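Input: a single structure, listed below in structure tokens.
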Amino acid sequence: DLIFGDENYIILEFEC
Amino acid sequence: NLVQLYWDIILLTESKFLLPQYRQQQQSLKSFQKYVVDKMGVTLNRMVKPVKVPYSRTGNLNTPWRQLGIKYLMVYLPLHFKDVIWCKCDQFCFHVILPQNNASSALRRGISNDKEWLLSLLELGDKLGMQSIRIYIGRDDFNGVSTFLRNLNWIGGRLVPNENRAG
């Protein structure tokens, strides 16, 4: 599990 | 062959979240593959016996990227991106991983023409019955998305904090 990460990304959220 | 194609799509989409230092390590790739296969078993069980989870905008808990998807999609928007866009849906959220170093030419030029691909993705998310869409933009592509980020309020988006992995 620890080999995954979202550090690579800027995460944007929108409502559909 | 079709089953193999499905697995390839799932593994390629999930591999976008592998940390760079692990991408070349054979052992890590094996444990990654085992992890995804195991978790997909859990996901399939959940689809047979669905458990309702309340939707919340306040935290990542209900729509973590680390949860495997219920659907996986390869989206192609050739007018805006050269590469295929890897996507997955969980119960509520449409996760879209924008191709790294390959943002639209309009984005690169800093022209405020981001609306078209964003609208396409929002429409697709709506068609898929999703409540929200999360767009993952590579940090190394920050220059390309700075215009986009400046207009975030205007287009109704918000930044999601990264998960607390230590926690």
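What you are looking at is a predicted structure, and each value in this text was computed from that prediction instead of being measured. Proteins get letters first, then strands, A, B, ... in listed order; numbering begins at 1 in each. Keep in mind that the numbers below use all heavy atoms, side chains included, and drop hydrogens, waters and symmetry copies.
Crowding of B:Gln24 atom CD: a count of heavy atoms from other residues, nucleotides or ligands under 6.0 Å not exceeding 12. Within 6.0 Å of CD on B:Gln33 lie no more than 12 heavy atoms contributed by other residues, nucleotides or ligands.
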Could you walk me through whether A:Tyr9 and B:Ile97 pass the side-chain contact (heavy atoms from CB on, under 4.5 Å) check?
-> CA-CA 9 Å; A:Tyr9 299 107; B:Ile97 304 150; 3.6 Å; yes
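No path of Ile, Leu, Val, Met, Phe, Trp and Tyr side chains, each step under 4.5 Å between heavy atoms, connects B:Phe32 with B:Val42, placing them in separate hydrophobic clusters.
Between B:Leu159 and A:Ile10, the closest side-chain pair of non-hydrogen atoms falls below 4.5 Å.
Put simply, CD1 on B:Ile133 and CG on A:Leu12 are 10.0 Å apart, with the number rounded to the nearest 0.5 Å. B:Phe94 CZ to A:Glu13 CD: the interatomic distance, rounded to the nearest 0.5 Å, is 13.5 Å.
Scanning residues 120-128 of chain B against chain A with a 4.5 Å heavy-atom cutoff picks out B:Leu122, B:Gly125, B:Asp126, ordered by number.
Scored by the salt bridge (Lys or Arg N to Asp or Glu O under 4.0 Å) test, B:Lys34 finds B:Asp38 as partners (sequence neighbours excluded).
Here the shortest heavy-atom pairing between A:Cys16 and B:Ser132 reads SG-C, 3.9 Å.
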